Amino acid sequence: MRRAIIFAATLLLTLLTPHTARAVTNEAASLESSRSALQYAQTDARMVLQQFDAAGDQISLTVTLERNGQTLEKHAELTAFLSTFDDGTTAVLASESGNPELKVEQVRIEKESHAIGVTLLDQGTGNCYSAEFTLEASDDIATSVDELFNTAMDCSKDHALEMLSIGSNDSNAEGYKAFGSIVHADINDVTPIGSFTGWKGLIDALNQGKTVSLSSYNVDKNFFLGGGWHHENVIGTASYTTIVYSKPSGAGRYLFQIGLADIRRNTMNLSPQFIKPSASLYHGGGCIGEYDSSTNTCNARYYNMPIEFYNVTVGLGGLTNGACFVDCESSVVSMNGNSLALLNTFLNPNQPISNLINLLGSVQTGSNSVPHYFGQRTEQLAKGGLVRSIGTKLTNGRLRDNNSHNVSVSGNMDKSVSGDSHGLRADWSFESAASI
């Protein structure tokens, strides 16, 4: 066993230095979250690593925390675990078990940086304090730290995520609920914070193992600075929804999970009487990564592990002036589950897709499109009503694969009476789940 004293005079860091986490509040941008984001203390607190020992896979440390004129001492015995991320980086991680009032929430040592990161959590106030202590190669403790990478036990992805996350870790927590509607004649985009190509480019680069600077992409970096759920719902000719869940993961770092919904629509002109509109919601990809606020850069920790979408519904509707659908085709490609074909024969053209009724059972996931025929316009009138809306709903399954998983609907539409004043719109809605 090696024993070393880390002197405050050389390794003292406060929460307000560039190497520590930026102060954030858990009220910021939290939408329908079942988890609360911790906040970093905004006081002139400072932490000193007084003692650090390593033997085998065991860590012993003592730190002091100075805040509000008080000095608290914390000692902990921890078991070290080794995690190798998808981008090739390796870290030793440890966390104190139980719920002491002042808890060692995280010890983190990255092989490449030769630094010890320590995060303390005050269970009473919910404040956490992070600092990173840089070692010199000549320090006695440096050899002991290096040995941890040979003796620490390998851990699973789930366990690594638990130790990376500052605060509670509720697997598959329900999160942001997205929805939108596009009128057929609407050709003007809103002014978004970012752009689809910016978000898509960022995700693709992360999944390729690149270290990316957020300044190189048209995205909002505030999405990565903790605070729970963040979203951008852009409705227009190029519609998409970006959803990010982010939380503190150490000194100046934030763990995040991202998912991109790509909403597509198209209309084929078949004849003066008929058109064939379609609407689809594709999963545009994502990952679990970390953001370093001191460098404004991100790295993916686990590739192709995006925020997942469920209860996905895609519809076409809003028909007026005698327009109607004569058939409907539904398809879904997802993890498990199946889809329900939906329709609406009510006279109110504004009936939301969430209230559409089920039609003819289900379509199995991954199957080819299954058509449903309603009859020509005159046949529908003879039955008492026109089919004004059609849709598809994913049940008991989730979208997660990049450019593969999708929910789609299309149908032939009779506009012989309405002409181009048919009021067609595309609708969608879905719920999201994060796993960090």
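Predicted model only: the values in this text are computed from it and were never measured. Only this structure's heavy atoms are used, side chains among them; waters, hydrogens and symmetry mates stay out.
Asn299 and Glu290 form no side-chain donor-acceptor contact under 3.5 Å, judged by distance and modelled atom types alone. Between the side chains of Gln50 and Thr62, not a single donor N or O lies within less than 3.5 Å of an accepting N or O. The closest side-chain donor-acceptor pair between Thr89 and Glu112, if any, does not fall under 3.5 angstrom. Between the side chains of Asp292 and Thr297, no donor N or O sits under 3.5 Å from an acceptor N or O. In the model, Ser60 has a side-chain atom that pairs as donor or acceptor with a side-chain atom of Glu77 under 3.5 Å. His405 and Ser334 form no side-chain donor-acceptor contact under 3.5 Å, judged by distance and modelled atom types alone. Between Asp122 and Asn127, the side chains place no donor N or O within less than 3.5 Å of an acceptor N or O (distance only, hydrogens not considered). One side chain, Thr392 or Ser330, offers a donor N or O that lies under 3.5 Å from an acceptor on the other. If you check the side chains of Arg46 and Tyr129, you find no donor sitting under 3.5 Å from an acceptor.
In terms of heavy-atom proximity, Met413 sits nearest to Pro277 at CB-CD, 4.2 Å. Heavy-atom minimum distance, Arg425 versus Gly318: NH1-CA, 3.1 Å. Across all their heavy atoms, Ser418 and Thr320 have their closest contact at CB-O, 3.8 Å. Pairing each heavy atom of Cys128 with each of Thr119, the nearest pair is CB-CG2, 4.2 Å. Here the closest heavy-atom approach between residue Gly198 and residue Ser195 is recorded as N-OG, 2.9 Å. Closest heavy-atom contact between Ala433 and Tyr310: CB-CE2, 3.9 Å.
In this structure, OG on Ser389 lies 8.5 Å from CG on Leu316, to the nearest 0.5 angstrom. The line from OH of Tyr303 to CG of Asp87 is 5.0 Å long, rounded to the nearest 0.5 Å. Once rounded to the nearest 0.5 Å, the distance linking CG of Asp57 with CZ of Phe81 reads 7.5 Å. To the nearest 0.5 Å, atoms CG (Leu82) and NZ (Lys111) are separated by 8.0 Å. In this structure, Leu260 CG and Glu232 CD are separated by 10.0 Å, a value rounded to the nearest 0.5 Å. With rounding to the nearest 0.5 Å, the separation of CG in Asp53 from CD1 in Ile59 is 10.0 Å.
Thr241 places no side-chain N or O within donor-acceptor distance of the main-chain N or O of Ala261, the cut-off being under 3.5 Å. A distance-only check finds a donor-acceptor pair linking the side chain of Arg400 to the backbone of Asn304 [under 3.5 Å]. In terms of modelled atom types and a separation under 3.5 Å, the side chain of Ser246 and the main chain of Gly226 share a donor-acceptor contact. Between the side chain of Gln257 and the backbone N or O of Met305 there is at least one donor-acceptor pair closer than 3.5 Å. Listed for the Ser95 side chain is a donor-acceptor partner under 3.5 Å among the backbone atoms of Glu105. In terms of modelled atom types and a separation under 3.5 Å, the side chain of Lys74 and the main chain of Leu102 share a donor-acceptor contact. A donor-acceptor pair under 3.5 Å links the side-chain atoms of Gln106 to the main chain of Ser249, judged by distance alone.
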Check against side chain to side chain contact (heavy atoms under 4.5 Å, CB included), Leu164 and Glu162: CA-CA 6 Å; Leu164 282 175; Glu162 288 178 5; over 6 Å; no
Stepwise, does the side chain to side chain contact (heavy atoms under 4.5 Å, CB included) test hold for Tyr245 with His230? CA-CA 6 Å; Tyr245 185 87; His230 306 262; over 6 Å; no
Between Lys276 and Ser410, is a side chain to side chain contact (heavy atoms under 4.5 Å, CB included) present by the stated rule, with each step listed? CA-CA 7 Å; Lys276 186 174 184 177; Ser410 64; 3.8 Å; yes
Walk me through whether Ile203 and Ile258 qualify under side chain to side chain contact (heavy atoms under 4.5 Å, CB included). CA-CA 8 Å; Ile203 290 170; Ile258 185 172; 4.0 Å; yes
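Looking at heavy atoms from C-beta onward, Leu319 lies in side-chain contact with Leu424 at the 4.5 angstrom threshold. Within the 4.5 Å cutoff, side-chain heavy atoms of Ile288 are placed close to those of Leu161. In this structure the side chain of Leu148 reaches within 4.5 angstrom of the side chain of Ile109, judged on heavy atoms. Residues Val312 and Leu399 meet the side-chain proximity criterion, which asks for heavy atoms closer than 4.5 Å. For the pair Asn218 and Thr197, the minimum side-chain heavy-atom distance is 4.5 Å or more. Between Phe430 and Asn311, every side-chain heavy-atom pair lies at or beyond the 4.5 Å cut-off. Under the 4.5 Å side-chain criterion, counting only non-hydrogen atoms from C-beta, Phe196 is in contact with Asp262. Looking at heavy atoms from C-beta onward, Ile235 lies out of side-chain contact with Tyr240 at the 4.5 angstrom threshold.
A centroid separation of 6.0 Å or more is found between the aromatic rings of Phe224 and Tyr254.
The number of heavy-atom neighbours closer than 6.0 Å to NZ of Lys157, taken from other residues, nucleotides and ligands shown, is above 12. Counting non-hydrogen atoms of other residues, nucleotides and ligands closer than 6.0 Å to CD of Gln123 gives a total above 12.
Results of the side chain to side chain contact (heavy atoms under 4.5 Å, CB included) test with Gln58 over Thr151, Thr79, Leu78 single out Thr79 as the only residue that passes.
A salt bridge is absent between Arg301 and Asp86: the closest approach of a Lys/Arg side-chain nitrogen to an acidic carboxylate oxygen does not fall below 4.0 angstrom. With respect to Glu110 and Arg253, a salt bridge is recorded, a charged nitrogen being found less than 4.0 Å from a carboxylate O.
Evaluation of the ring-ring contact (aromatic ring centres under 6.0 Å, His included) test over residues 277-299, restricted to residues two or more places apart or in two chains, returns His283-Phe309.
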